[in-house]
Each structure stands twice: as structure tokens, then as C-alpha cells.
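What follows is a single structure, written as C-alpha cells, with notes after it.
Because the structure is a prediction, the values reported are computed rather than measured.
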Amino acid sequence: MAAKDGPAGKRPNSIWLTERPPPRRKAEQPAGLGLDKIVAATVRLLDADGLAKFSMRRLAAGLGVTAMSVYWYVDTKDDLLELALDSVMGEMRLPDEGDAGQDWREHLRALAGGYRALLTGHPWVARLLGTYINVGPHATAFSDASMRVMKGSGLSLEQIAGGLSAVFQFVYGFATIEGLFNARCAEAGLPVDEYFRQVMQALQGRPEFTELLENSTEVMAARGGATVEEMRDRDFAFALDLQIAGIEAMRDRPSH
């Protein structure tokens with residue numbers, strides 16, 4: 001039975017809000033296929049080729065089955081992408097609710113770091129997060145954990161949503177740009193550090209970039225880090241500390 005219509009007569013479009021009877025294997029269905037295997041293959045294909053090249057036919061070919069065999073387990077490609085999205089969200093390690101020895105700041109840093117790793121490790125995730133409502137079990141567990149941690153920060157109930165937005169929208173933006181840069185380097189067939197070095201060399205000797213290069217060189221020397229990855233890690237850690245400092249500063253400010 002599908003989810004019931006809302007007040008406007010439209011249903012939320014999500015596999016998690018639709019009741020679908022479990023598939024009964026027909027004689028012609030490939031043995032050992034299964035939904036878990038299909039979802040795992042979907043993740044591998046998305047990681048390898050990206051969202052734009054993903055298709056049910058390519059997925060089925062990789063599994064050695066027909067596309068109709070895949071549709072026996074899911075109704076649409078969107079359903080499968082939702083399942084893949086929630087599957088990888090299960091890779092994030094969540095704080096132990098019973099761990100009283102670690103304060104909210106460390107829990108928040110761990111959640112932010114896990115979210116960054118998810119977005120850079122699976123670049124297609126950033127697009128899907130804005131496409132689906134994300135109420136699968138792993139996404140819900142992450143949201144619940146984030147809410148518990150933010151409640152522990154001392155922010156008022158009125159401030160909590162803004163605090164969560166400040167942290168996780170920052171992580172989303174940082175990691176999405178990081179992932180896009182990594183993808184650009186991969187397309188060029190170059191390691192990240194070599195690509196960065198070539199870009200910097202290409203800017204040298206161009207008068208319009210003189211100030212940019214001088215400022216960038218000063219900042220890179222000051223913050224340290226021999227590789228792009230080290231520089232990113234330093235930037236991320238400091239930017240996250242700024243978010244935490246902002247939460248600490250705002251939690252005692254009277255609400256308006």
C-alpha cells in the first residue's frame with residue numbers, strides 16, 4: 001500500500017514512505033540476486049562512473065542479468081538511488097549514546113568529519129541529498145545523533161536548527177567543492193598535488209593574478225601543510241572550530 005495522500009492530494013515521493021510487498025522469486029529470476037546485492041552494485045557503479053552515466057541497463061549488465069530482473073526488486077531508478085544513498089550513509093560512525101566521557105564538541109567533530117568523508121568518498125551523494133527527502137534508517141539515525149549532540153551543546157530549542165545548519169551546511173559546501181576538485185584532477189589523469197602545482201604555475205607571469213598569487217602564497221606558507229590534503233585538513237579543522245566557537249558564543253545570548 002502506498003503512502004496516503006497529504007492535504008494537497010500529493011504523496012511524498014520516497015521509497016521509504018511506500019509499502020511494497022517483498023518480491024517472490026519466479027523460476028526465471030536469477031538465483032542469488034537479491035536487493036542487497038543490487039544496491040551494493042549500484043554504489044560501486046556510481047562511485048566508478050558517477051551519477052550522470054548511471055542507468056539501470058548498465059547496472060543490470062554489470063550484474064549479468066536483464067534490466068527487468070532488477071525491476072523485480074525496485075519500481076524505479078529513483079527508488080534504487082534512494083536505497084544506495086541510505087546504504088552509504090550507514091558508513092558514518094555515530095556517537096555512542098552511552099559515552100558520557102566525551103563532550104558534545106568531540107561528538108560534533110566526529111559527525112562532521114564522517115559527513116565530509118561520505119561526501120568526498122562518494123561524490124554523487126551531494127546531488128542526491130538535495131533530490132530526496134532522506135528518511136531511510138541510516139539517514140534518520142544520523143539526523144537523530146546530530147540532534148542529540150546539538151542539544152548537548154546548550155543551545156535553546158529555538159537555536160538548535162540554526163546550529164545544525166551552520167555546521168552541516170558548511171561541511172556540505174566544503175566537501176562538495178573538495179570532491180569536485182578531486183574529480184577534475186582524476187579526469188585530467190593527474191594526482192591532486194600535481195594538478196594544483198600546474199595550476200599555480202599557469203597563473204605565474206600573468207599580471208591579473210599577481211595579487212592573488214601573493215596572497216595565496218602567504219596564506220599557504222602560514223597555515224603549513226606540504227600537500228593539498230594536509231592544507232584541506234587544516235582548513236577544515238579550523239573552520240569547524242569556528243562553527244563550534246560560534247555555537248558557544250550564541251548559546252548564552254538571549255533569544256529575540
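With sequence neighbours excluded, no residue satisfies side-chain hydrogen bond (donor to acceptor under 3.5 Å, both in side chains) with R127. Shown here are the side-chain hydrogen bond (donor to acceptor under 3.5 Å, both in side chains) partners of D36, two or more places apart in sequence or in another chain: there are none. With sequence neighbours excluded, no residue satisfies salt bridge (Lys or Arg N to Asp or Glu O under 4.0 Å) with D144. For A41, the side-chain contact (heavy atoms from CB on, under 4.5 Å) partners are R44, L59, L63, not counting sequence neighbours. Residues forming a side-chain hydrogen bond (donor to acceptor under 3.5 Å, both in side chains) with N182 (at least two apart in sequence, or on another chain): R232. For R251, the side-chain contact (heavy atoms from CB on, under 4.5 Å) partners two or more places apart in sequence, or in a different chain, are W104, R105, L155, E248. The ring-ring contact (aromatic ring centres under 6.0 Å, His included) check on Y115 picks up F142, F168, with sequence neighbours excluded. Contacts of D233 classified as side-chain hydrogen bond (donor to acceptor under 3.5 Å, both in side chains), with partners at least two apart in sequence or in another chain: R116. With sequence neighbours excluded, the residues that form a side-chain contact (heavy atoms from CB on, under 4.5 Å) with H122 are V43, D47, V88, E91, L118, W124, V125.
Residues R109 and Q243 have side chains not in contact (no heavy-atom distance under 4.5 Å, counting atoms from C-beta outward). Using a 4.5 Å cut-off on side-chain heavy atoms (C-beta onward), F54 and D49 make no contact. Taking 4.5 Å as the limit, every side-chain heavy atom of I15 sits out of range of all side-chain heavy atoms of L80. Taking 4.5 Å as the limit, every side-chain heavy atom of K53 sits out of range of all side-chain heavy atoms of L45. Residues I133 and L17 are in side-chain contact: their nearest non-hydrogen atoms beyond the backbone lie under 4.5 Å apart. When side chains are defined from C-beta on, E229 does not count as touching V192, because their heavy atoms never get closer than 4.5 Å. In this structure, L108 and I247 have side chains that are in contact, with non-hydrogen atoms separated by less than 4.5 Å. Inter-residue side-chain proximity for T42 and L83 is flagged as unmet; no heavy-atom pair is nearer than 4.5 Å.
Within the model, atoms CD1 of I38 and CH2 of W72 stand 12.0 Å from one another, a figure rounded to the nearest 0.5 Å. The structure places CE of M89 at 9.0 Å from CG of L94, a figure rounded to the nearest 0.5 Å. Taking OG1 of T66 as the reference point, atom CZ of R57 lies at 9.5 Å (rounded to 0.5 Å). For the atom pair CD (Q198) and SG (C185), the distance works out to 10.0 Å, reported to the nearest 0.5 Å. Note that the CE atom of M92 and the CG atom of L111 stand 8.0 Å from one another [nearest 0.5 Å]. One distance of note links OG1 of T131 with CG of L85; it measures 9.0 Å at 0.5 Å rounding.
Cluster membership for Y195 and L212, using ILVMFWY side-chain heavy atoms within less than 4.5 angstrom, is shared. Note on I177: it does not cluster hydrophobically with L119, by side-chain heavy-atom contacts below 4.5 Å among ILVMFWY residues. M220 is connected to L203 through a chain of hydrophobic side-chain contacts under 4.5 Å among Ile, Leu, Val, Met, Phe, Trp and Tyr, so both are in one cluster. Residue M231 is not grouped with residue L180 when hydrophobic side chains (ILVMFWY) are merged at heavy-atom distances under 4.5 angstrom, including chains of intermediate members. In this structure, L33 is a member of the same hydrophobic cluster as M68, with clusters built from ILVMFWY side-chain heavy atoms closer than 4.5 Å.
Scanning both residues, A145 and P95, for their nearest heavy atoms gives CB-CD, 4.1 Å. Here the shortest heavy-atom pairing between T120 and G179 reads CG2-N, 4.3 Å. The minimum heavy-atom distance linking P207 with G205 is given by the pair CD-O, 3.5 Å. Minimum heavy-atom separation, A112 to V171: O-CG1, 3.6 Å. Contact detail for L129 and N134: the closest heavy-atom pair is O-ND2, 3.2 Å. Of all heavy-atom pairs between S87 and V39, the closest is CB-CG1, 3.8 Å.
Taking the six-membered ring for Trp and the full ring otherwise, the centers of F196 and F181 sit at least 6.0 Å from each other.
Within 6.0 Å of CE in M147 there are 12 or fewer heavy atoms belonging to other residues, nucleotides or ligands. Within 6.0 Å of atom CZ in R93, 12 or fewer heavy atoms from other residues, nucleotides or ligands are found, so the atom counts as exposed in its surroundings.
Distance alone, capped at 3.5 Å, is enough to place a donor-acceptor pair between the Q159 side chain and the S156 backbone. Using a distance-only test at 3.5 Å, with no hydrogens or angles considered, a donor-acceptor pair links the side chain of H138 to the main chain of D86. Between the side chain of S153 and the main chain of M150, a donor-acceptor pair closer than 3.5 Å is present. Using a distance-only test at 3.5 Å, with no hydrogens or angles considered, a donor-acceptor pair links the side chain of S165 to the main chain of A161. With S69 contributing its side chain and V65 its backbone, the two residues share no donor-acceptor pair below 3.5 Å.
Side-chain atoms of T140 and S143 include no donor-acceptor pair closer than 3.5 Å.
For residues 205-221, the salt bridge (charged side-chain N to carboxylate O under 4.0 Å, His left out) pairs, not counting sequence neighbours, are R206-E208. Residue pairs meeting the ring-ring contact (aromatic ring centres under 6.0 Å, His included) criterion with at least one partner in residues 229-252, sequence neighbours excluded, are F170-F236, F174-F236. The salt bridge (charged side-chain N to carboxylate O under 4.0 Å, His left out) contacts involving residues 65-83 comprise R20-D75, where partners must be two or more places apart or lie in separate chains.
Using a 4.0 Å cut-off between charged nitrogen and carboxylate oxygen, R197 and E194 count as a salt-bridge pair.
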